[in-house]
Amino acid sequence: MLNLYNTSVSSRMLLGTARYPSPSVLDEAVRLSACEIVTVSLRRETAGGKTGGAFFERIRAMGVHILPNTAGCHSVSEAVLTANMARSVFGTDWIKLEVIGNHDTLQPEVFALVEAARILSGEGFKVFPYTTDDLVVGERLLEAGCGVLMPWCAPIGSAMGPQNLNALRSMRAHFPDTPLIVDAGIGRPSHAMAVMELGYDAVLLNTAVAGAADPALMALAFATGIEAGRMGFEAGLLEPRDMAVPSTPVIGQAVFT
């Protein structure tokens, strides 16, 4: 079981809800993957002015935990305002906090991120911060009141997969008791499996699923890969070796003359 802010879920896959070909395809992706947490961007869905309400009701009808996010925010004030609007709309203290600092890479603005996290934690929010794999930033976010960290492994939507496994491995070792969820940059089920084998607690996906030729089938593929990676970590993976090690013992083998 995965425990996030005293809420337990069975699935270690979090799924974004943007860019699916149709609402029914999104429904099927959630059903097949058995994910229990979905993210919703309040700014994105209300931008059109007319369809947001119907979409939000459809998300509620899925019977999953809703994790609103502050996607599209570039300042502390924007993020805090959006978070409070999301709490009013969805009736949840959970918020995935995004404060973007670079238009090309969509890298988090970590200074504003820490400040926004401190403000929102003080207002009773349960903050899920989208951050980098920097250990010091992670420490500051925990000091600001976060109980979860969500480091990227590559730029949002890039599908490049883990760009710095050593940094992710160090982050896992540095924060052994903090739930760590890889958010952004995952492109293939094998990428998700690789980070889960490092001991990460979950993976958040959107583009890699929504942009697939068959999003529902891809959601199932990712769910399977995430589960396999976690099982491998819990079972105890063999570390790479510099030399061959025979699987058949040489002691006591027959000698022919």
Side-chain angles (χ1 to χ4, degrees), residues 3-7 14 16-18 37-47 65-158 163-164 167-168 170-185 200-204 206:
N3 188 282
L4 302 169
Y5 288 111
N6 296 318
T7 296
L14 289 71
T17 57
I37 301 173
V38 300
T39 66
V40 181
S41 171
L42 185 69
R43 289 170 63 97
R44 181 184 295 120
E45 296 304 333
T46 57
H65 296 282
I66 298 175
L67 176 59
N69 69 52
T70 63
C73 293
H74 292 79
S75 69
V76 173
S77 58
E78 273 189 297
V80 170
L81 175 61
T82 303
N84 278 281
M85 291 172 61
R87 178 156 64 178
S88 177
V89 170
F90 294 108
T92 178
D93 291 330
W94 282 15
I95 191 72
K96 181 193 169 192
L97 181 59
E98 297 183 28
V99 185
I100 300 302
N102 184 283
H103 291 281
D104 294 326
T105 65
L106 300 181
Q107 179 171 327
E109 210 288 31
V110 294
F111 304 101
L113 179 69
V114 171
E115 179 60 22
R118 181 174 291 108
I119 293 171
L120 292 173
S121 295
E123 294 180 356
F125 281 91
K126 308 298 187 294
V127 180
F128 294 69
Y130 161 60
T131 184
T132 62
D133 54 18
D134 187 285
L135 301 182
V136 176
V137 175
E139 289 176 346
R140 297 296 178 267
L141 287 167
L142 295 185
E143 291 170 1
C146 297
V148 176
L149 296 176
M150 302 182 71
W152 70 347
C153 73
I156 293 174
S158 68
Q163 296 299 288
N164 193 338
L168 291 175
S170 295
M171 198 166 195
R172 177 70 283 177
H174 195 72
F175 301 108
D177 301 319
T178 301
L180 300 181
I181 302 171
V182 169
D183 176 20
Y200 276 71
D201 296 283
V203 171
L204 194 156
N206 193 164

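As the structure is a prediction and not an experimental result, all values here were calculated from the model.
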May I ask you to test the [X]-[Y] pair for a side-chain heavy-atom distance under 4.5 Å?
{"X": "P108", "Y": "T132", "answer": "yes"}
{"X": "T7", "Y": "K126", "answer": "no"}
{"X": "E123", "Y": "N84", "answer": "yes"}
{"X": "F175", "Y": "L142", "answer": "yes"}
{"X": "Y5", "Y": "D93", "answer": "no"}
{"X": "V99", "Y": "E115", "answer": "no"}

Main chain of [Y], side chain of [X]: is a donor-acceptor contact present, judged purely on distance under 3.5 Å?
{"X": "D133", "Y": "M171", "value": "no"}
{"X": "T39", "Y": "P68", "value": "no"}
{"X": "T70", "Y": "E98", "value": "yes"}

Could you measure the distance from the [atom1] atom of [X] to the [atom2] atom of [Y]? Nearest 0.5 Å is fine.
{"X": "I156", "Y": "Y130", "atom1": "CD1", "atom2": "OH", "result": "3.5 Å"}
{"X": "L149", "Y": "I181", "atom1": "CG", "atom2": "CD1", "result": "9.5 Å"}
{"X": "L67", "Y": "T92", "atom1": "CG", "atom2": "OG1", "result": "7.5 Å"}
{"X": "L180", "Y": "L168", "atom1": "CG", "atom2": "CG", "result": "9.5 Å"}
{"X": "N69", "Y": "T17", "atom1": "CG", "atom2": "OG1", "result": "8.0 Å"}
{"X": "L113", "Y": "L141", "atom1": "CG", "atom2": "CG", "result": "5.0 Å"}

What closest approach, in Å, do [X] and [Y] show between heavy atoms, and which atom pair accounts for it?
{"X": "A117", "Y": "C146", "answer": "CB-SG, 3.8 Å"}
{"X": "V76", "Y": "A112", "answer": "CG2-O, 3.5 Å"}
{"X": "L4", "Y": "W94", "answer": "O-CZ2, 3.7 Å"}
{"X": "A18", "Y": "N206", "answer": "O-ND2, 2.9 Å"}
{"X": "T105", "Y": "W152", "answer": "O-CZ3, 3.9 Å"}
{"X": "P151", "Y": "Y200", "answer": "CG-CE2, 3.9 Å"}

Is D201 salt-bridged to R172, going by a charged N under 4.0 Å from an acidic O?
yes
Knowing that exactly one of I37, L204, L14 qualifies, which makes a side chain to side chain contact (heavy atoms under 4.5 Å, CB included) with K96?
L204
